[in-house]
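Written out below as structure tokens is the structure these notes cover.
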Amino acid sequence: MRYTQLFIPTLREVPAEAEAISHKLLLKAGYIRQLASGLYIFLPLSWRVLNRISKILNEEMYAINAQEITMPILHPAEIWQITGRWYDIKEEMFRLKDRTGRDMCLGMTHEEIMTWLASKEIRSYRELPQIWYQIQTKLRDEARPKSGILRTREFIMKDSYSFDIDEEGLEKSYNLHAKAYHKIFTRCGLKFYKVESDPGMMGGACAHEFMAPSPAGEDEIVICEKCDYIANIEIARSISPSVNHPSWELEEVFTPQKRTVKEVSEFLSINPVHFIKSLLLITSEGYVLALLRGDQDLHEKKMSKIIGQFRIAQKDDVLSHFNVEAGFIGPLGYKGKIIADISLKEGVYIAGANKLNYHIKGVNPSIHFAAQWHDIHIAKDGDMCPHCSNKLKIEKAIEIGNIFKLGTKYSIPLNALFLDKKGVERPMIMGSYGIGLARVAAAAVEQNHDEDGIIWTKTIAPFDIEILPLNMNDKQTIELATALHDNLSEIYNSITDKNMDVLLDDRHVRPGVKFKDADLIGIPLQIIIGERSLKNNIIEVKRRRTKEIFKIPLKHLEAEIVKIYYDTE
RNA sequence: CGGGGCGUGGCGCAGUCUGGUAGCGCACACGGUUCGGGACCGUGGAGCCGGAGGUUCAAAUCCUCUCGCCCCGACCA
């Protein structure tokens, strides 16, 4: 393909709105353009990348006997009403009416529709298991689209759905997907982790996310440095580092106007780990006093799994419930429900005295109050692994894929039933599995770039090789470049399972421009044809990632280039 | 939804505080010189200053409303 026949609008200066590296580079290198907030146009280069990712997805889905289909994006409301998600999901769903006034929505995911299909068509255990998937557009009215194509309102997703006769079958389908996902992301050249995650509103018992570590990521994952414990911070458990406890006797301490743990700890010159942080929570059933160690923060998701929906009490709520100003409340003498973090079970602490301007020293949780013990804190750097007690670290990551065990959450309401061997009607056991294509591409850019631009992995690069004829007025240069382009394009590339995709930069521009643009758009191998080296009967081959340059004699050019291509990382 | 920032040729910005009728760099077009890391010289085209209303002899500039975009947070099936 010739550069002059492709639309590659590279920029010298990046539009001011771009912040994330992948956003900046994809704009600058002419891969994407923004239409509106969270809506992006994929230009020829990025579309080629997405197609290569699709090809990998198709191959790996095929390998686990998944069947590609495609479903409408426009859905009738009734199906979503049956499962209740029409009501549970709020502004995030795009809704509209058709000309007859019928309620419709745009698909943000396809559990309902896939299950509907299964319910209509599958009757017998003999027809199961099935895995159906599609690569198709999803629409979500995101509260805050951000970071270029990392979080958009419209995005292309590979979503698959498994239907099994029992839990064992689901386990099998789930593991098949986990393995396929490993292969897919490995082939795409990504660094990634598979982490335990929160099933959220998808429901179901078990879920994992595939996370590509990157500072641009929105998620945080907790990783054990020793064992294989890895989890999303949304559900991660951790052990707070233990401390030596002083042998304080129970004693009131005057702490005038010192309310927060930070203020009191500075005032008394005592480390926050020796404090009990008391938070009053309000649920539909009444008040709950949550207790954390002074160095911890409340994990609201963990808490709401224990007590359901709640909000943190305001100052006047605290005053009316405790008769003490906020900042001085504590568990001592408290008659209501107390939920305390497990790390408080041992030791002696300072807590609010339930008396204005006083705290109380020497509180021993096992003696002085009764609580339910739970892990309700947010894991943080330096905490210990819940499995092996070694150090945990926290990393930011991009969620590039997820897998959910759904069970019967959708099959029961939508009547996706089958007859088992004994003729008994049973609900199908389902799983659902997603991969965001643009996120894979963006994560690849986030993880593979340098100051000059993008560095694509061979498997998903828009082209395999770019030829840079430096002097477009030199006959020998042009002839050689053209011949190379044509010959290389005839050669089979086993990495992409098709012929080499070769980009020939045939623009009449100065060499510097070609070098800059080639580095920017990031094709793995550059072939530089300049008069200077032609005089010595050589050309240069440059690896984009390492910037190594190989000087190749004109004889057997194609074979040498192909060899370097295969040896390129 | 809460907090912050920004809207001026295609892109990056100055001008706004202190009103006087729009400028710089890049890009673009043409001519010439150049040609191994985003060339140089010359000429030229291109902006009703996000929109609406108001104040004023006069508004990019002041006031009110509104729309859009970005960032932080909440949310995220």
Side-chain angles (χ1 to χ4, degrees), chain A residues 9-20 23-24 27-30 33-40 80 83-94 105-113 138-148 150-153 155 157 159 161 197-204 207 209 216 218-219 232 234 300-301 311-312 399 402-404 406 409-410 432-434 436 439 451-453 468-474 477 505 507-521 526 528-535 538-540 542 547 549:
Chain A
T10 59
L11 301 172
R12 291 220 176 185
E13 279 163 313
V14 194
E17 67 264 14
E19 185 99 349
H23 189 196
K24 283 186 184 166
L27 278 173
K28 191 171 184 215
R33 287 295 184 262
Q34 184 182 36
L35 173 65
S37 179
L39 298 175
Y40 283 83
W80 288 80
T83 61
R85 284 163 113 189
W86 178 263
Y87 311 103
D88 297 341
I89 296 167
K90 304 270 151 45
E91 303 92 340
E92 200 116 356
M93 182 187 275
F94 283 108
C105 64
L106 301 180
M108 45 202 314
T109 175
H110 278 73
E111 281 76 17
E112 276 79 359
I113 313 301
K138 304 283 179 254
L139 292 120
R140 296 180 188 176
D141 197 356
E142 285 286 346
R144 186 149 92 85
K146 57 187 286 203
S147 308
L150 278 173
R151 186 167 207 85
T152 53
R153 295 193 291 174
F155 56 96
M157 182 165 155
D159 48 324
Y161 304 82
S197 68
D198 184 355
M201 294 276 286
M202 283 297 246
E209 290 163 338
E218 303 178 87
D219 289 276
N232 192 308
E234 289 179 353
E300 298 192 12
K301 271 202 175 151
R311 66 179 175 90
I312 295 174
E399 182 185 349
N402 50 36
I403 54 180
F404 297 94
L406 300 173
K409 177 170 172 165
Y410 299 92
S432 83
Y433 318 89
R439 276 199 181 171
E451 63 283 0
D452 294 316
L468 310 178
L470 297 187
N471 183 356
M472 290 298 292
N473 297 316
D474 179 61
T477 301
D505 190 347
R507 293 175 300 168
H508 285 262
V509 294
R510 298 165 62 85
V513 176
K514 293 193 179 184
F515 287 133
K516 285 286 183 191
D517 278 339
D519 287 348
L520 228 201
I521 65 180
Q526 298 170 12
I528 300 159
I529 304 177
E531 286 174 288
R532 211 154 69 186
S533 36
L534 274 185
K535 272 180 200 146
I538 58 168
I539 58 135
E540 291 157 52
K542 180 180 146 191
K547 304 203 164 151
I549 291 179

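Proteins come first, then strands; the chains are lettered A, B, ... in the order of their sequence lines, and each starts at number 1. In what follows, every heavy atom counts, from backbone to side chain, and hydrogens, waters and symmetry copies are set aside.
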Which atoms of nucleotides 68-72 of chain B (N or O only) lie under 3.5 Å from a protein N or O atom, and what are those distances?
{"from": "C69(B)", "atom 1": "OP1", "to": "Ser37(A)", "atom 2": "N", "distance (Å)": "2.8"}
{"from": "C70(B)", "atom 1": "OP1", "to": "Gln34(A)", "atom 2": "NE2", "distance (Å)": "2.9"}
{"from": "C70(B)", "atom 1": "OP2", "to": "Ser37(A)", "atom 2": "OG", "distance (Å)": "2.9"}
{"from": "C71(B)", "atom 1": "OP1", "to": "Ser147(A)", "atom 2": "N", "distance (Å)": "3.2"}
{"from": "C72(B)", "atom 1": "OP2", "to": "Arg144(A)", "atom 2": "NH1", "distance (Å)": "3.2"}
{"from": "C72(B)", "atom 1": "OP2", "to": "Arg144(A)", "atom 2": "NH2", "distance (Å)": "3.0"}

Contacts of [X] that satisfy side chain to side chain donor-acceptor pair (under 3.5 Å) - sequence neighbours left out:
| X | result |
| --- | --- |
| Glu13(A) | none |
| Asp141(A) | none |
| Ser147(A) | none |

Contacts under 3.5 Å, N or O only, protein and nucleotides 4-10 of chain B:
none

(message) With a 3.5 Å limit on both atom pairs, tell me what G73(B) is paired to, counting Watson-Crick and G-U wobble, or say none.
(response) C1(B)

(message) Suppose we define a pair by two distances each less than 3.5 Å, Watson-Crick or G-U wobble; what does C48(B) pair with here?
(response) none

(request) Give a yes/no answer on whether the side chain of Arg510(A) brings an N or O atom under 4.0 Å of OP1 or OP2 in A39(B). (result) yes

Not counting sequence neighbours, which residues clear salt bridge (charged side-chain N to carboxylate O under 4.0 Å, His left out) with [X]? List them please.
| X | answer |
| --- | --- |
| Arg144(A) | none |
| Glu112(A) | Arg85(A) |
| Arg140(A) | none |
| Asp474(A) | none |

(message) Do Thr477(A) and Leu470(A) make a side-chain contact, defined as non-hydrogen atoms from C-beta onward lying under 4.5 Å apart?
(response) no

